[in-house]
**Q** 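Have a look at this one before I ask anything.
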Amino acid sequence: MTDAPANEIENLSPEAAKALFLTLEARLAAADLAYHQKDDPVLSDADYDSAKRKYRALADHFPELANSASLLDAVGAPVSSGFEKVQHAVRMLSLGNAFEDQDVADFERSIRKYLGLSADAPLAFTAEPKIDGLSLSLRYENGDLVQAATRGDGSTGENVTANARTIADVPQHIVGAPDVLEVRGEVYMSHTDFAALNERQIERGGKTFANPRNAAAGSLRQLDAEITRSRPLNFFAYSWGDLTEPLAKTQFEAIERLSVLGFTTNPLTQKFATVSEMIAHYRSIEAQRATLGYDIDGVVYKVNDLSLQDRLGFRATTPRWAIAHKFPAELAWTRLEAIDIQVGRTGALSPVARLTPVTVGGVVVSNATLHNEDYIQGRDSKGAAIRDGKEIFPGDWVQIYRAGDVIPKVADVDLSKRPAEATGFSFPITCPECGSPAVREEGDAVRRCSGGVICPAQAVEKLKHFVSRAAFDIDGMGAKQIEQFYNDGWIKQPADIFDIQQNYGSGLQQLKNREGWGEKSANKLFVAITDKKTIPLGRLIFALGIRNVGEVAAKDLALHYQSWTALAQALDTALPAAQAHRAADEAVSEERIHAAQANRRARITETRNSVVAQMAVPDAAQIAWDDLTSIDGIGPTVGLSLSDALSNTAERAAINRLTAVLTIVAPDAPAAESPVSGKTVVFTGTLEKMTRAEAKARAEGLGAKVSGSVSKKTDILVAGPGAGSKEKKAQELGIQILAEDGWLELIEGL
Ligand code: IVH
C-alpha cells in the first residue's frame with residue numbers, strides 16, 4: 001500500500017477524511033459505471049486499485065465513514081494485499097532447473113542412483129511444455145469448486161476463488177472425482193489475447209503489460225472479479241495437491257484422468273523411456289515455440305510411475321522426481337554506460353552494469369550483473385579465458401541475457417563498436433563505502449570489504465536482511481526504514497531493533513514525532529517488533545546473514561541442533577577443527593594446481609592429513625566438526641562461514657546481545673508421532689532394499705537425525721552386511737542395532 005501509508009491517513013482530521021472519502025467514492029462509482037456498463041474504463045487498473053485501497057483504508061481508520069459507505073464490498077476485511085490468505089493443504093513447490101542436455105542426463109542418473117535402479121532397468125518420464133504463467137490451485141469438494149488459491153510463498157497463497165470462477169477453462173463442477181481433489185496448473189494469456197488487451201488498454205489510456213505472464217497475473221489478482229472476467233485467461237492442469245484417493249498409477253494416466261474430468265491439459269504431453277527421446281521432444285517443442293500461441297519457457301520432465309514419485313519425495317523446495325529443462329536465455333545488445341560497485345551484506349564488492357535501457361524478452365532491463373573483476377577482464381576464477389578473453393570497458397556495446405527470473409547478465413562485448421576514448425575499468429581495492437581494504441582471498445572469485453561491522457554498507461545490508469520476509473519479517477520495517485534508522489544512529493545492530501520502543505517510545509526523541517510517522521503507526525511498529533521477540537530457530541539463524549547460510553541450511557541446522565545454545569556450543573567446541581580444516585585447505589591449494597593428475601588425490605590427502613595432525617585437534621573438536629559437516633546440505637564451506645562468524649568477537653557480541661532478548665523456538669520434528677522422530681540414526685554397511693540417500697531422506701522425513709558417526713548420542717544403528725567398526729562401537733556403547741529389515745519394520749506404513 002505504498003500509495004496510502006497508514007500514517008498519512010490517520011493524521012487526517014475527521015473533516016478532511018470525510019471530504020477525501022466522498023471524493024474517492026464518487027470517482028470509484030463513476031469508474032465502476034464506465035467499466036462495467038459502458039465497457040470503457042476511465043481509470044487505469046492501477047489507479048482504480050489505488051483509489052479503492054485508499055477508500056478502504058479511510059473506512060478502516062474512521063469507522064463513522066464505513067457506516068455510510070456505499071462501495072465497500074461484503075467480503076471480509078482485506079489483508080494487506082487485498083486478498084484473504086489461504087494455507088495450502090499440500091505445499092505448492094517449484095522445480096529444479098536443467099539448462100544443458102547433460103543436466104537432463106544427470107537428473108535421470110541421480111534418480112536411478114537414489115532408487116538403486118540399474119542403468120538398464122525401465123524408468124519412464126513424461127515431458128510437457130513449461131507454461132510461463134502463474135500457478136493456481138483449485139480445490140474441489142464433492143465435485144464442487146470451493147476454493148482457488150495462488151501459490152504465494154508455497155505454504156500460504158491468496159484466495160482468488162471469485163476470480164478463478166470467471167476463467168472458462170476452470171470447471172465449476174466435476175463428476176466422478178475423489179471427494180477432495182486439488183487440481184493444480186498454470187493460468188496464462190495467449191499471445192493474441194495479450195496483444196488485444198494491450199491495444200485496448202492503449203486506446204483507453206490504461207496501463208499496458210510488459211508480457212503475457214504479467215498480464216495474466218495482473219488480471220487474476222484483481223480485487224474486483226469483474227475485471228478478471230473481462231480479461232481472457234486460460235488454464236492448463238498439470239498436477240494436483242490434496243486428494244482423498246489417487247487419480248491413477250502414473251503421471252500420464254493422472255493427466256488423462258484430469259482431462260476426462262473436464263480440465264484442459266497440454267496436448268504436447270508425452271511419455272518417454274529414454275533421455276534421448278526426452279531431449280528430442282524438447283527440441284521439437286522448442287521448434288514449435290514461436291507458433292504455439294502462448295509463452296513457454298522450457299519443458300518439464302516428471303517420473304511417470306507415481307509410486308516412484310512417492311519414494312523420491314522432495315528436497316526443501318523442489319521435487320526429486322521432476323525437473324524443468326529451460327530454453328536458452330533471451331538476448332539483446334545495448335550500451336554499457338557505467339560500472340558501479342555495490343557492497344553486499346557479506347562485504348562482497350559486486351560490479352553492476354548501468355545500461356541504456358533495452359527490452360530483453362519483453363522486460364525492460366537497465367541494470368545487469370557483471371559478477372566480479374575477473375569476469376570484467378574476460379577470465380574465469382581459474383584464470384581461463386571467457387568470451388575469448390575479451391575485456392569489458394565502460395562505454396562498450398554489450399550483449400545482455402536473461403533466463404526466466406534470473407538477474408540479467410552481461411554476456412558478451414562487441415569490440416568493433418568500442419568508442420575510441422574508452423578505457424578499461426579499474427576495480428577498486430578499497431571499499432567504496434567505508435574505505436577499508438577490499439581483499440580477495442586465495443580461491444575466492446570475489447573481492448570483499450574487510451571492514452566487517454564498521455562498514456556502513458555491510459551493516460545496513462545485514463539489517464535489511466535481518467528484517468526481511470524470510471527472516472524476522474517485521475511489519476512496517478523495510479529497507480527504507482532501516483536506512484533511515486541506521487543513518488540517524490537509532491539502529492546499528494539487530495539487538496537495537498528490540499530496544500527501539502524503550503529508547504524512542506517516550507522521552508525527548510520519539511518515533512511518533514518523526515516525519516512520516518504518527519502515534520498509531522509507531523505503536524503498530526512497536527507491537528510488530530515485540531511480536532517477533534519469539535522467533536523460530538531456523539529464521540534466527542538465517543536472519544544473522546552469515547555468508548553461505550541460506551534459508552535451507554538454516555532450517556537444517558535448526559533441525560539438527562534444536563537450540564541456539566546447542567549450535568553455538570557446537571561451534572565453539574569445533575573451532576580448532578575448523579581452523580585445521582582451513583589450514584589444510586590452504587596447504588592443498590598448491591597441490592590442486594600443480595600436482596600431476598595421476599597422484600593429485602593422494603598428494604592432497606597426504607598434505608591434508610599432515611596439516612591436521614600438526615595442529616593436534618582435540619577429539620571433542622573433531623567430533624563436533626564432523627557432526628556439523630555431516631548434516632545433509634552442510635559441508636565444510638558452510639561450517640567455516642559459521643565458525644568465522646561466531647568466533648569474530650564483535651559479531652559474537654552482537655549475536656549474544658540479540659539472543660539474550662529473544663525467545664527462540666525449536667523446530668517441530670516433521671512427524672511427532674513417528675517412533676524415530678528426534679532420534680539419531682546411523683546407517684552403516686550395505687543396504688539392500690534402498691540406497692543410502694533414500695534411507696537418509698526417508699529417516700529425516702520421519703523426524704530422525706541422520707549422522708555419519710556413532711557416538712553416545714546415537715539412538716539406532718542400522719547395520720547392513722559388511723558393517724565394521726561402527727557396529728563394534730555401537731555394541732560397546734549399548735546402542736540399539738537393527739538390520740535393514742528391522743529398520744523397515746520399525747518405520748513401516750509411516
Ligand atoms: S509441475 C511439484 N508442470 O513452473 C512440481 N509446473 O518453476 C509442480 N509450471 O511452480 C510443478 N508449467 O508454476 C509443473 N507443466 C508444468 C508447468 C509447471 C509451468 C510452473 C509452475 C511451477 C513453476 C516451477
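All of these numbers come straight from a predicted model, not from anything done at the bench. Side-chain atoms are counted along with the backbone in the values below, which use heavy atoms only and exclude waters and symmetry mates. Indexing begins at 1, ligand by ligand and atom by atom, following the structure's order.
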**Q** To the nearest 0.5 Å, what is the distance between CG on Asp556 and CD on Glu551?
**A** 11.0 Å

**Q** Is the Phe472 ring parallel, tilted or perpendicular to the Phe466 ring (thresholds 30°, 60°)?
**A**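 It falls in the parallel class, under 30°.
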
**Q** With a 3.5 Å distance limit and no angle check, can you tell me whether Tyr282 reaches the backbone of Lys326 through a side-chain donor-acceptor pair?
**A**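 A pair under 3.5 Å: yes.
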
**Q** Roughly how far apart are Arg692 CZ and Phe683 CZ, rounded to 0.5 Å?
**A** 8.0 Å

**Q** Would the distance check show the side chain of Asn304 and the main-chain N or O of Gln251 forming a donor-acceptor pair, the cut-off being under 3.5 Å?
**A** yes

**Q** Looking at Asp101 and Arg283, does any basic side-chain N land under 4.0 Å from a carboxylate oxygen?
**A**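 Looking at Asp101 and Arg283, the cut-off is met.
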
**Q** For ligand 1, list every N/O pair with the protein closer than 3.5 Å, one pair per line with the distance.
**A**
residue, atom, partner, partner atom, Å
ligand 1, 3 (N), Lys302, NZ, 3.1
ligand 1, 4 (O), Lys130, NZ, 3.2
ligand 1, 7 (O), Lys130, NZ, 3.3
ligand 1, 9 (N), Tyr238, OH, 3.4
ligand 1, 10 (O), Leu93, O, 3.4
ligand 1, 10 (O), Arg151, NH1, 2.7
ligand 1, 12 (N), Ile131, N, 3.0
ligand 1, 13 (O), Ser135, OG, 3.4
ligand 1, 13 (O), Glu186, OE1, 2.8
ligand 1, 13 (O), Glu186, OE2, 3.4
ligand 1, 13 (O), Tyr238, OH, 3.2
ligand 1, 15 (N), Glu128, OE2, 2.7
ligand 1, 15 (N), Pro129, O, 3.2

